[in-house]
2 protein chains.
Amino acid sequence: MITIKDIAKEANVSEGTVDRVIHSRSGVSKKTEAKVRKILERHSFKVNPVASALAMKKKHQISVLIPEYNDSDLFWKSPYLGVLKAAEDVKNFGVYVSVFRFNQSDPVSYLNAFEDLLETKPTEVIMVPNFSDETKQIIKELEVLNIPYLFLNIDIKGFNNIAYVGQDSYTAGYVAGKLMHLNNPESSEFLIIQTLQNITKNNSISDRIEGFKDYFFKNEIKSNPRGLKLENLNDTLENQEVINSFLKNHPEIKGVFVPSSRIYMVVNCLEEHHLKNLQLIGFDNTPQNTECLINDSVAFLISQKPFDQGYKSVRLLADFLIQNKTPEYKTYLPIDILMKENVKYNGRDEFVSENNNAVEVF
Amino acid sequence: MITIKDIAKEANVSEGTVDRVIHSRSGVSKKTEAKVRKILERHSFKVNPVASALAMKKKHQISVLIPEYNDSDLFWKSPYLGVLKAAEDVKNFGVYVSVFRFNQSDPVSYLNAFEDLLETKPTEVIMVPNFSDETKQIIKELEVLNIPYLFLNIDIKGFNNIAYVGQDSYTAGYVAGKLMHLNNPESSEFLIIQTLQNITKNNSISDRIEGFKDYFFKNEIKSNPRGLKLENLNDTLENQEVINSFLKNHPEIKGVFVPSSRIYMVVNCLEEHHLKNLQLIGFDNTPQNTECLINDSVAFLISQKPFDQGYKSVRLLADFLIQNKTPEYKTYLPIDILMKENVKYNGRDEFVSENNNAVEVF
DNA sequence: ATTATATTTGTGTACGTACACGAAAATACA
DNA sequence: TGTATTTTCGTGTACGTACACAAATATAAT
């Protein structure tokens, strides 16, 4: 292993000078810089990241803004655990991570969490751009402060985010369409259930729906997907009533597509005979959804690898900070097709203790 | 961040003593050990792996024994790249990796490669136990030398390997069965093509076949899978003749299952009209196989995440060596279902330069 | 009690890099 | 030519841990 000392010796300069060249610091004459750079090149010298990390004075602060999770919607737990795990991995490299959470249906909490986040004086920000208008406001602040930001899970256009980490929602929906069709080659009458919330705020949901419909369109399969827009997707009497009666009035429907992570709620709402006869396809391997796969009430889930989303986001930025690796602009994660038989090998979030002391959580 | 120095100060002992306690080295009185250990406990002290790696005198050598790859069978390139990448990640932690390759159809090259491998004086070995008898011989040597070994990709029973990293082949085959059935709910006449080679040597192939058949059996779908055993799976006139005439004689066959990574060879052999009418399912996202997905000649591929297999094996051992984390005995990787629409987001091996200087390759 | 031996503890250096500080050399200005 | 200023460079210390070696203390043997 070749070291700075070796390079210095070969160039007849001091280690300090080599260090200056490596980091393009000022105070080196053009002549010696050229000399040193050539030798570095010849040996294809790479700094030892371990030693570098130990010596590094400059610390980095990555602050993360993501939705909170609760028992009825566990989706955001996985990205959170992914962030935690990555934080553990990078903390000894001088990169510290703080997580701030907001209520997914409350724009004010989004802004408040962001204000709190700013107090950590982040060098970089990872965020889930959940509300369109408020995001504009936040981004404006970040750009004034010259803080690079990365979008996680939701891919909004029109901003200068240094990367997007998440799924290609359109294609994921397209895949869902194909799976739906596979099981029902003869029929193309489906129901798509979404919430009003989703419609206004989360464009990954609408991208999925667009992809789903496009599958039939592009493959020239005539289909007539119905849409049902509910206030929320909780297991309420009202929802049960609405869904079941809709299905009763439309017996031609053979499948239900739920482009959110709440298909288990639909399962809870459905009457037994519907569960038997319908093919259900949803998103995300939350524990409740996975349970539905196992007990045969749901045919397929598409996972967007939420743990990996959190993990990758942090690692991407950390590698950028530590090793100056510019990240890919789009980091699309796989579109995982889960069914009863293969779900057990998928997406178990690697174990991380929740009171991980590498992360501040707010 | 709490350091050894802090602990030492609090316990009124020297840093050396704390170090001895942390590493359970000898030469500490029971009294002081208890005192120090309690303080370590209270602060839940963890050594800084970065500083530790830098200071560590003891180096580790992981040597890897895997099949070689060539243009017509690229499968083993991915695990190899995974090993390379992991090697790069751990080399600064004092873990060095060497790779030795053998000809997958030549037991002698297997033994020879192992003899070469031994000369690196490995502290741990990662191996693909490709030949049953020769493996026994190899393992015996390893156990005499007291070198822990890990099985990669092929899960042979009856040895004391510290872990297996790979897929659950039986379940993967089961999933393949389900996918086959999905597309052909009315018919259950299939053809399974394997090579004689596979039959004797590689039991993951037979596990896949068993799983495939069991899907129909356990779900009480009557099926009559035919088997075709070829000398090899190359695109020879002979194979074309055999396969096509078999299919002509069995027009009831609706699908072909190839439980190896060579389904693209079958595609090459098949006459055009068969390609149109048959549903093909195979394993592994090699470039050639992926191409078959994209041009619609193959319906599904099941990926065993070969890159990850290589990567994880090395990381598992390295974490064991560096941080003393005992690995899970079985590390099953996901059963990835790939089709035309989602293949592009799957399993692209992360870029690694092949002349990676973190690894010696033989 | 004295010396010898074993046990326990402390000290110092090394790992490879980052960076502050000061010394030396080069240039500017008088 | 001499001094002031800027530019260029070298030296030294720190990061947190590992481990060799030396020092100090405790135990055994005489």
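Note on naming: letters A, B, ... go to the chains in the order of the sequence lines (proteins, then strands), and numbering restarts at 1 for each one.
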Legend entry - Distance, rounded to the nearest Å, where A/K58 contributes NZ and D/dA14 contributes C1': 17 Å
Legend entry - Nucleotide D/dC9, atom P - distance to CD of A/E33 in whole Å: 10 Å
Legend entry - Value in whole Å for how far the C1' atom of D/dC15 lies from CD1 of A/I4: 14 Å
Inset, instruction - Look at all strands and tell whether A/R20 reaches a base, only sugar-phosphate, or nothing, counting heavy atoms closer than 4.0 Å. - result: base
Legend entry - side-chain N/O B/S14 vs C/dG10 OP1/OP2, d < 4.0 Å: yes
Using residues 47-57 of chain B as the side-chain source, report each donor-acceptor pair under 3.5 Å to any protein atom, sequence neighbours left out, with the distance given to one decimal.
{"unit_1": "B/N48", "atom_1": "OD1", "unit_2": "A/N92", "atom_2": "ND2", "d": "3.4"}
{"unit_1": "B/N48", "atom_1": "OD1", "unit_2": "B/V50", "atom_2": "N", "d": "2.8"}
{"unit_1": "B/N48", "atom_1": "OD1", "unit_2": "B/A51", "atom_2": "N", "d": "3.3"}

Inset, instruction - Would you indicate what A/S26 reaches in the nucleic acid, counting non-hydrogen atoms under 4.0 angstrom: base, sugar-phosphate, or nothing? - result: nothing
Legend entry - Phosphate-side-chain proximity, A/T17 and D/dC9, N/O vs OP1/OP2 below 4.0 Å: no
Inset, instruction - Output yes when at least one side-chain N/O atom of A/S29 is less than 4.0 Å from OP1 or OP2 of D/dC9, else no. - result: yes
Inset, instruction - Examine A/F151 together with A/Y149 and report whether their ring centres are nearer than 6.0 Å. - result: yes
Legend entry - Interatomic distance, A/R25 CZ vs C/dT17 C1' [rounded to whole Å]: 10 Å
Legend entry - Step-by-step salt bridge (Lys or Arg N to Asp or Glu O under 4.0 Å) determination, B/K136 to B/E141: CA-CA 9 Å; B/K136 278 180 198 152; B/E141 283 200 61; over 6 Å; no
Inset, instruction - Select one nucleotide: of C/dA18, D/dC19, D/dG16, the one nearest the side-chain heavy atoms of B/K57. - result: D/dC19
Inset, instruction - Answer yes if the ring centres of B/Y332 and A/Y345 are under 6.0 angstrom apart, and no otherwise. - result: yes
Legend entry - B/N48 side-chain proximity, nearest of D/dT17, C/dT9, C/dC15: D/dT17
Inset, instruction - Answer yes or no: does a side-chain N or O of A/T32 lie under 4.0 Å from OP1 or OP2 of D/dC9? - result: yes
Inset, instruction - Using atom NZ of B/K9 as one end and atom C1' of C/dG10 as the other, report the distance to the nearest whole Å. - result: 16 Å
Inset, instruction - Any chance you could measure B/N346, atom CG, to A/L333, atom CG, to the nearest 0.5 Å? - result: 10.0 Å
Inset, instruction - Could you check which of D/dA14, D/dT17, D/dC19 has an atom nearest any side-chain atom of A/A55? - result: D/dA14
Legend entry - Protein-nucleotide distance (B/L54, atom CG; C/dA18, atom P), rounded to Å: 12 Å
Legend entry - Atom pair distance, as rounded to whole Å: NZ in B/K91 and P in C/dC15: 18 Å
Inset, instruction - Using a heavy-atom cut-off of under 4.0 Å over every strand shown, decide if A/D19 touches base, sugar-phosphate, or nothing. - result: base
Legend entry - Interatomic distance where CD belongs to B/E15 and P belongs to D/dG16 [whole Å]: 11 Å
Legend entry - Any A/S52 side-chain N or O less than 4.0 Å from OP1/OP2 of C/dG16: no
Inset, instruction - Quick one: label A/V50 by what it contacts on the DNA or RNA (base, sugar-phosphate, nothing), any heavy atom closer than 4.0 Å. - result: nothing
